[in-house]
Structure formats: structure tokens, C-alpha cells
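Residue numbers begin at 1 in each chain, while the letters A, B, ... track the order of the sequences.
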There are 2 protein chains.
Amino acid sequence: MSTLYRRLADELRAGIANGTYPPGSRLPSESELAERHGAARGTVRQAFTVLAADGLISSRKGTRRLVLGPALRQSFSQLHSFSRWAASIGETPGVRMVELVRREPTDLEAERLELSPGTRIYHLTRVRLLSGRPVMVERTAYVERIGALVGGIAADAGDESVTARLEELGVVFAHAEHTVSAITAEAEDARLLGVRPHSALLRELRRTTDPDNRPLEWSDDRYLGDAVAFTVHNSVRASTLIRSSAPSR
Amino acid sequence: MSTLYRRLADELRAGIANGTYPPGSRLPSESELAERHGAARGTVRQAFTVLAADGLISSRKGTRRLVLGPALRQSFSQLHSFSRWAASIGETPGVRMVELVRREPTDLEAERLELSPGTRIYHLTRVRLLSGRPVMVERTAYVERIGALVGGIAADAGDESVTARLEELGVVFAHAEHTVSAITAEAEDARLLGVRPHSALLRELRRTTDPDNRPLEWSDDRYLGDAVAFTVHNSVRASTLIRSSAPSR
DNA sequence: CAGTGGTCTAGACCACTGG
DNA sequence: CAGTGGTCTAGACCACTGT
């Protein structure tokens, strides 16, 4: 379960968060940490790699690692689940169910979910609330296997997190691709969110896959323009951000 | 310069791009690659780490690594430079100079650039074009040291890339933080981009720092809503994406 | 110059996959 | 079951930093 390098990373992360290693300070050297924990240098380096991937520290040959700042980053699961994200920022998540149907996929859905001809999908439309205020319209297509589970969940769970329940049922969300663009509110968007048509919305197209890269869901989420922003850290060494020439349809 | 693990990573990346390892196929095992190149297994693993960070492959205990797809990812420098990005998608970049001034920073600029009291900034406003069409308004504040160089560049370079010239002059851009949100076009935005006021724009706030995390520039870029989208790959293991509760001012 | 991180080697044991 | 990736050790040499 918990490995040594992960425990070292957690300890360092905690030290950054609690002020032991404030932003701008230097972390202990690899050899010092290795000796202190009775670990090999390579293991300590694995721990540092985790923190660097989170944008918490930077490193240069010849000097100890520099602390950049406390953890702003949210975990994959917070990014994936609206409910968890809401909880992490101290807001109360809410849901207004709009529709759940089982139907034939559109061409776009079939392509993004890599469906064989003839298979069906479950399509869920909901309005998500933060402390009672509508902030996002969610339109998600689930592959049939997952959608069958969603049917049972969404029916009775009220404002519960679909993501959390699916994970309890053994569904593993491993990778996601998020495409963010600006869009003008359509009539239905405006009605569901309680804003004027043509208001500026932030659109997130999300495709989530399992550990073997098999698609699980494909979602078109539209946020109020002033309700949300997405932040990315990148560096010369590691980056996952792409700027593409146009929103993918 | 070029290290063994980077050469291995490049070779594997090329194999994925040219069809030797098509999406969905499995890569050679660590031990096989190690033996074939006379390298240690740890070195091969370093190479795989690079590809995984780019979202090109996934791995699970017990099976060979899976090829996810060809490289969609753009490099840090393409993300950082509009001109390089334009070139990478086959468009001709253009620039319309609006203003370059040396002045006192606003409070926000002073904070984001970590300025000492009394220092000044250079503020550059430009309209960026793709194949002659205005697609983005760029408003960038440079720290004084960099701005002095920008003054010379922007004056005579025409449609040349400021970023590329700064790098030739020895400025090293190492980290960046991008925050993306939706915003309504203000009067000046609408005029510069040739759209109606209140159109939906995609706003990118960008803060770029050097290898020691010292701020170099802080920019507010506003794209036509249908001109651009940002895409992020993330996974349970590595992610750099944040969803924050509100646009940072 | 001593200290540091970057790279690389050559082993080891384990948990997991798939036939 | 053999093969694979995940973790970990214990070394080594180098380039770079800061004094």
C-alpha cells in the first residue's frame, strides 16, 4: 500500500504546508534525508520527483532544492469529482437532476467513447450547485457498463457524488483529458443556470478512461464564467498542457 | 548535453510516432530494452518516466507498457510563445503593436511580480493574429530587467517573437502558471478583436518565472471564444491541473 | 574547494498478469 | 508458472554551485 518514497514525499509535503520548509527556503539534501531515514539516495529522489511533479519544488545542479510554495494542487479525484472539489473549497455541493436516458450515441459520443456499432449509452444531465447557487450544467455520456450503475445511483442518491459511488462499486478512473474553452450560453444553458442567453460560459470537455485507456465517460460541462477557473503549472521539464487550435466541436 | 535516458525516450517517442509502436500496442519490456542498449534497467525506467509524463504510455504491474497514442502534447516553449504555437499548427503568426510603456506597477502587478517598492515595469499591449485574423489581445507586464530588453525588441521586430529574442539574449523561462477562465469582452477588447462587446472570451492569466522561481512576466491574454482551447492530460499518478473557485481577479 | 543534484550501474525482492 | 513492472539498495562518476 504505502511505500517508503510516498511516505517520504508526504512528510516533506507536510513540512512545506506547516512552515517547517517555508516558500523560498531550501530542503535538506538527498544524502541527509537518506541517512536520517535509513533509505537509499534513489528512494529519496523518488520522493522528490513526486513533489516536483506537483510543482512544489524546483531543483538545480549544485544547490539544495528550493521550496516554491504550499500545495495549491488538487488531487486527480478532486478534479474529477465536482462533489469532492466543492468540499475541498469549503462549499456545500448540490445537484438538480434534469434527465437520465439510455439511447443511441451521437457520432461524436460514439467516437469519443470508442463504441462498437449498436451499443447504447446512458446520458445524464444535471445542474450542479455550490451552496445552493447553480454554477454548472453537466451533460455526461457513460458507456453502457458504467451507465447501468449510474442509473441506480442517480435515481436515489439525491445530492450524492456519482463518482464516489462508482468507485465504491469498483470502477477505476485512471486518466482524464480536459479541454477548456469559452462558449456563449445557449437557451437551455441560460435557463438551467438562471443567466441571460449569450452570457460567457467556461466549457470543459472531459474524457475519462480506465487504467488500460478504455473510455468510461465523456462529459460536456459548462460553468458560469465567474464561478470557476482552471490553473495549470508547467515547466521546461514536465508539462501536460496543450493549447489546441480550436475547441473540439 | 544529451543523456542516455533522453536518447532512449526520443527513440521510443519516434517509434510511437512512426507506427513501430501503434496506439494500443505494447512496448518492449524494460529488461529487453536494457539489454538491447547495454543500459541498466533503471536508465530504461527513466526514459519511460519521460513518456508517461507526456501522457504517451500507461503502465500496470505484470504487463508491458501500453501505447496510448501519438504525441499531441506541445512543448513548454510552444505553450509559452504564441509565435511558436502558431507555427506548430501551420498558421502564420502576426502582431499589431498597441502600446509599450514604462510605468509604476499596479498593486496586482507588484504582487504577482514580487516587486520591491519603487521599481517600475514595462507594460506591453499587442493584438496577435493568426493568418491575418485577430484572435488574441495580449497585455504583459515585464520586470524591469526584462522589459528593458523588450523595449528594443518590440520596437523594430515587427511580427517577430519576443520570447524567441529574449531567449537568444540569455533569458531563461523555466516555470509557468496558467489560469484559464471565461470573461465577457470589455469595450477595448471588442474594439481590438473586432467583435461585439460582451462576446465570450477565453482569458489566460500567465505568470512565468526563471529557474529559481523569480518572476519574469505576468500576462493577461484574451482569446476569441472560438479561436483556442486548452487541453490537459492528467492521471491518478501525475497531474498538474487545478480547478480553483474563482478567477484570480 | 567541499557539497550538491544529475546520471548511471548492477544487483535484489515483491505483487501482479496472463497463459 | 514465467514474465513483468514497482520498489529499494549501494555503490559510482560527473557538472555545477557557492564560498
Side-chain angles (χ1 to χ4, degrees), chain A residues 1-12 21 24-53 55-68 170 172 174-175 210-214 235-238, chain B residues 1-12 21 24-53 55-68 170 172 174-175 210-214 235-238:
Chain A
M1 230 50 2
S2 130
T3 57
L4 177 52
Y5 80 87
R6 250 186 275 265
R7 286 197 302 276
L8 292 180
D10 286 344
E11 185 181 318
L12 290 166
Y21 308 119
S25 67
R26 303 265 168 193
L27 291 173
S29 71
E30 297 175 357
S31 20
E32 185 185 333
L33 285 172
E35 193 186 7
R36 190 193 299 174
H37 293 88
R41 202 183 139 213
T43 306
V44 173
R45 285 181 64 82
Q46 268 187 290
F48 279 135
T49 298
V50 173
L51 299 190
L56 289 178
I57 61 176
S58 72
S59 69
R60 271 160 65 224
K61 226 182 291 195
T63 67
R64 297 187 170 199
R65 286 175 173 78
L66 178 69
V67 179
L68 296 183
V172 178
H175 304 277
D210 73 9
D212 281 334
N213 211 37
R214 288 185 293 251
S235 70
V236 174
R237 293 187 57 78
Chain B
M1 227 60 1
S2 131
T3 57
L4 177 52
Y5 81 86
R6 252 185 274 264
R7 288 198 300 277
L8 292 180
D10 287 344
E11 184 181 318
L12 290 167
Y21 307 119
S25 67
R26 304 264 167 193
L27 291 173
S29 71
E30 296 176 357
S31 19
E32 184 185 332
L33 285 172
E35 193 186 6
R36 189 193 302 173
H37 293 89
R41 200 183 139 211
T43 306
V44 174
R45 286 181 63 83
Q46 268 186 290
F48 279 134
T49 299
V50 174
L51 300 190
L56 290 178
I57 61 175
S58 72
S59 68
R60 273 159 64 224
K61 224 181 293 191
T63 67
R64 296 186 171 200
R65 285 174 174 78
L66 179 68
V67 178
L68 297 183
V172 178
H175 303 277
D210 72 9
D212 282 333
N213 210 37
R214 286 185 294 251
S235 69
V236 175
R237 294 186 58 77

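When rounded to the nearest whole Å, the span between CG of B:Leu4 and P of D:dC13 equals 18 Å. Rounding to whole angstrom units, CG of residue A:Leu8 and C1' of D:dT9 are separated by 14 Å. Distance B:Arg7 CZ to C:dT7 C1': 11 Å, rounded to the nearest Å. Rounded to whole angstrom, the span from the CD atom of A:Glu35 across to the P atom of D:dA10 amounts to 12 Å.
Comparing the axis of the opening five pairs of the helix from C:dC1-D:dG18 to C:dG18-D:dC1 with that of the closing five pairs yields an angle of 10°, rounded to 10°.
Under the salt bridge (charged side-chain N to carboxylate O under 4.0 Å, His left out) criterion, B:Arg26 pairs with no residue at all, not counting sequence neighbours. Checked against side-chain hydrogen bond (donor to acceptor under 3.5 Å, both in side chains), B:Arg64 has no partners two or more places apart in sequence or in another chain. With sequence neighbours excluded, the residues that form a side chain to side chain contact (heavy atoms under 4.5 Å, CB included) with A:Ala9 are A:Ala47, A:Val50, A:Leu51. The side-chain hydrogen bond (donor to acceptor under 3.5 Å, both in side chains) test applied to B:Ser25 returns no partner, not counting sequence neighbours. Among residues two or more places apart in sequence or in another chain, the side-chain hydrogen bond (donor to acceptor under 3.5 Å, both in side chains) test is passed with B:Glu35 by none. Checked against side-chain hydrogen bond (donor to acceptor under 3.5 Å, both in side chains), B:Asp210 has the following partners two or more places apart in sequence or in another chain: B:Arg214.
The salt bridge (charged side-chain N to carboxylate O under 4.0 Å, His left out) contacts involving residues 40-51 of chain B comprise B:Glu30-B:Arg41, B:Glu30-B:Arg45, where partners must be two or more places apart or lie in separate chains.
For the atom pair B:Leu33 CG and B:Phe48 CZ, the distance stands at 5.0 Å (nearest 0.5 Å).
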Considering only nitrogen or oxygen atoms on both sides, find all protein atoms under 3.5 Å from nucleotides 2-5 of chain D and state each distance.
from: D:dG3; atom 1: N2; to: B:Gly62; atom 2: O; distance (Å): 3.3
from: D:dT4; atom 1: OP1; to: B:Arg64; atom 2: NE; distance (Å): 3.2
from: D:dT4; atom 1: OP1; to: B:Arg64; atom 2: NH2; distance (Å): 2.4
from: D:dG5; atom 1: OP2; to: B:Glu30; atom 2: N; distance (Å): 3.0
from: D:dG5; atom 1: N7; to: B:Arg41; atom 2: NH2; distance (Å): 3.4

